[in-house]
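Structure first, commentary second.
The model shown is predicted, which means the values in this text are computed figures rather than measured ones. Below, chains carry the letters A, B, ... as their sequence lines are ordered, and counting in each starts from 1.
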Amino acid sequence: MNEIDLINSVMPDVPPDDPVRTAETRARILAARRRPRFGWLVPAIATAVLSVAIAAVPQLIRPAGPHPVDPVAEVAERASGSPEPTTGRYWRVEYQEYGLGPLLTGNYQRLRTDVVEWRGAGQLIRENRLAAATPLAEADRVAWENCPKDCPSPLTSLSEKTRFDIWPGSFMVRSGQGLDVRPAWPSTGVPSMEFPGDPAELRAKLLTYYRKPHERDGDSYQMDWLWGISVNTLAQLPVTHQTRGAFYRLLADLPGVQVRADADTVVLTRPEQMGGTIDDLVIDRATGRVAALRAYRKAPGPFIPNARDLPGETPLIEMVFSAAGWTDDSPKIPPGCEPTVPDPPTISAKCFS
Amino acid sequence: MIPPAVTVADPGFGTVFDAHYQEIRRYIGRRLDLAVAEDLAAETFLIAFRLRHRFDPAQGSIRPWLYGIATKLIGRHRRAELRRYRALARAGPPPGDDAHEQVLDRITAVTTVGRLSGALAGLSKGERDVILLIAYGGLTYQEVAEALGVAYGTVASRLNRARTKLRESLGVPE
C-alpha cells in the first residue's frame, strides 16, 4: 500500500448525506440563476439592512405585530416586488417528492419521485419518475435485505420507468373533497392569475370556493381547508407576484401558524392540520418563492395497517421545488396516453413508458 | 423554452449537481469538519453555476474544474484544516470510523492516522492539495493540473515532495 492508498484507506471518511438536505441544497443552487450578477451580495445586504432596520425601529415601520422581526413581511415584500413574465402555453412545475411507502408488512421505505407538472390547455399532465427507494430505518433495511426475490417493491415494478397521469381541468373546484388533503394536485380550473394581491381580499376570494362537507364541520375545518388550498396553490399554480406575497401574509395570520426563520428560509408551520399532521411551508428568503412543503406525524403510531409504529414527527411527505415557470414547450406524452375521457379524471395504465 | 427570468432550475446544471455533489461533499468533508464541508460543497456548485459560462469543455472535463473550485474554497479554511490534522494527530480517528477498522490488522490505526495527520499538516498547501486531490478525488496528474491551474510537471514535483515527506513521517524506507 503506497502513501496515497494509505491516506484514502485510513483517514476519516464522511457519513452519507441526508437526501432531503441535499435536495434542498440542489433547489437553492438552481434557484440562484434567477439572481443577477453579484446577486449573492444583494439579498445578503438587503436582508441585513432590513433586519437591522426593523429590529432597531419597529415602531416606526409597523405597529407591534406577532413577530418583532417579521420574516414573513420580508419574503412577502420580496415576492411582491419580483414581477415575472406571464406568457406561455403551460405553467410548468418541477419538484422532487419524498414519501413513505410500505416495503413489507410492518416496514417502510422512503421513496423519491421526480415530478414535472404541466398545466394548460385545460389539462394537468403529471410526469412521475421513481428515482430512489431506501429503507426508512435499520429495521426496514434488515427487512429489505431479507426480502425474497418476488417481494413486491417499487424498485422492481417502476424502476427507471416514467408514468404520465393526465387529468382534465377544473379538478381543483370540480370536487368538494380532496382539495386540501395531500396529495392534492390542483389543476387549471381556477383563474389563479387573477387572484387579488391583498391578503383580506384573497382570503375572501378563496372562500368563495369553499364548500362545507358537513354541517358539523366548524371554523377549524375551514381554516384547515384554507391552509391546504393556499399552500397547494402557491406551490403548484401560477399566481402573480403580488398574490404570492398576499398568500404569505394570509397564511401567517391563520390560527396556530408559527413562523421561524434562518439564514436561508422562512418556515410557516401549522401544527394542528387536519389529519393529525404538522405542516411546513418553506420559503426561500433569497427569491421569495416556495422551496418545499412538508408534513410530519404529530404523534407516534403506524402509518400503514399492521405496521410498526413510527416515532412522532416522522416526515410523511416532502415536496422540494426546483423549477416553476411558463413555457411554450409541450410535454412529450407517449402514444396512447392522450386523455380520452374528459370527466371524471383519468389515470391510464397505458401511460407507463 | 422556459423564459430564463422565471425558470428556477437549469436541467443541464441539475445533472452536473446530481453527478458530482456527493463526491465534492465527500472530498471537502475529509479535509474539513462536515458542517463546514456541506456549506462549502453548496458554495462550490453555486460558484460553478455562476461561472459556468467560463467553463470550456475543450480544456477538460467538468469534474476537475469542480474539484479546483472546492480546493480553492478549502484554502480559505487552511487554519481549520491544520487544526483538524493536529487534533487527529493527538487523538486518532473518531470512534466507529469504518476505515479505522479495515486497517486494524496492518498497523495500529490510531498511530497511523496520527502520523499521517501530522505529516499532512507539515506539507505545504500546494503539496497537500495535490496529494489529496489524487487520494480523495482519484484525479489523474493531468486532472490535478487542470484543477489547480498549474503545469503537469508542477503536479509531479509537488507529489514527489509530498510522498517523500509522508514516507519520512511514517518511517517507511525509500
When the 4.5 angstrom heavy-atom criterion is applied to B:Tyr85 and chain A, the contacting part is side chain
When the 4.5 angstrom heavy-atom criterion is applied to B:Phe45 and chain A, the contacting part is both
On a heavy-atom basis, the closest approach of A:Thr25 and B:Ala42 is CG2-CB, 3.5 Å
| Quick one: are A:Glu3 and B:Leu116 in side-chain contact, heavy atoms under 4.5 Å? | no
Value for OG1 (A:Thr22) from CD (B:Glu38), rounded to nearest 0.5 Å, stands at 7.0 Å
Minimal heavy-atom distance between B:Tyr136 and A:Ile7, with the atoms involved, is CE2-CG2, 3.6 Å
Closest non-hydrogen atoms of B:Ser117 and A:Met11, given as atom of the first, atom of the second and distance, are OG-CE, 3.4 Å
d(B:Asp18 CG, A:Asp114 CG) to nearest 0.5 Å is 8.0 Å
* Would you please test A:Ile4 and B:Leu159 for side chain to side chain contact (heavy atoms under 4.5 Å, CB included) and show each step? => CA-CA 10 Å; A:Ile4 292 171; B:Leu159 182 64; 4.1 Å; yes
Okay, B:Glu43 and chain A: the region with an atom under 4.5 Å from a heavy atom over there is neither
For A:Pro15 and B:Leu34, the nearest pair of non-hydrogen atoms, with its separation, is CG-CD2, 3.6 Å
Correct closest heavy-atom pair for B:Arg30 and A:Pro12 would be NE-O, 3.3 Å
Would you say NZ of B:Lys72 has more than 12 non-hydrogen atoms from neighbouring residues, nucleotides or ligands within 6.0 angstrom? no
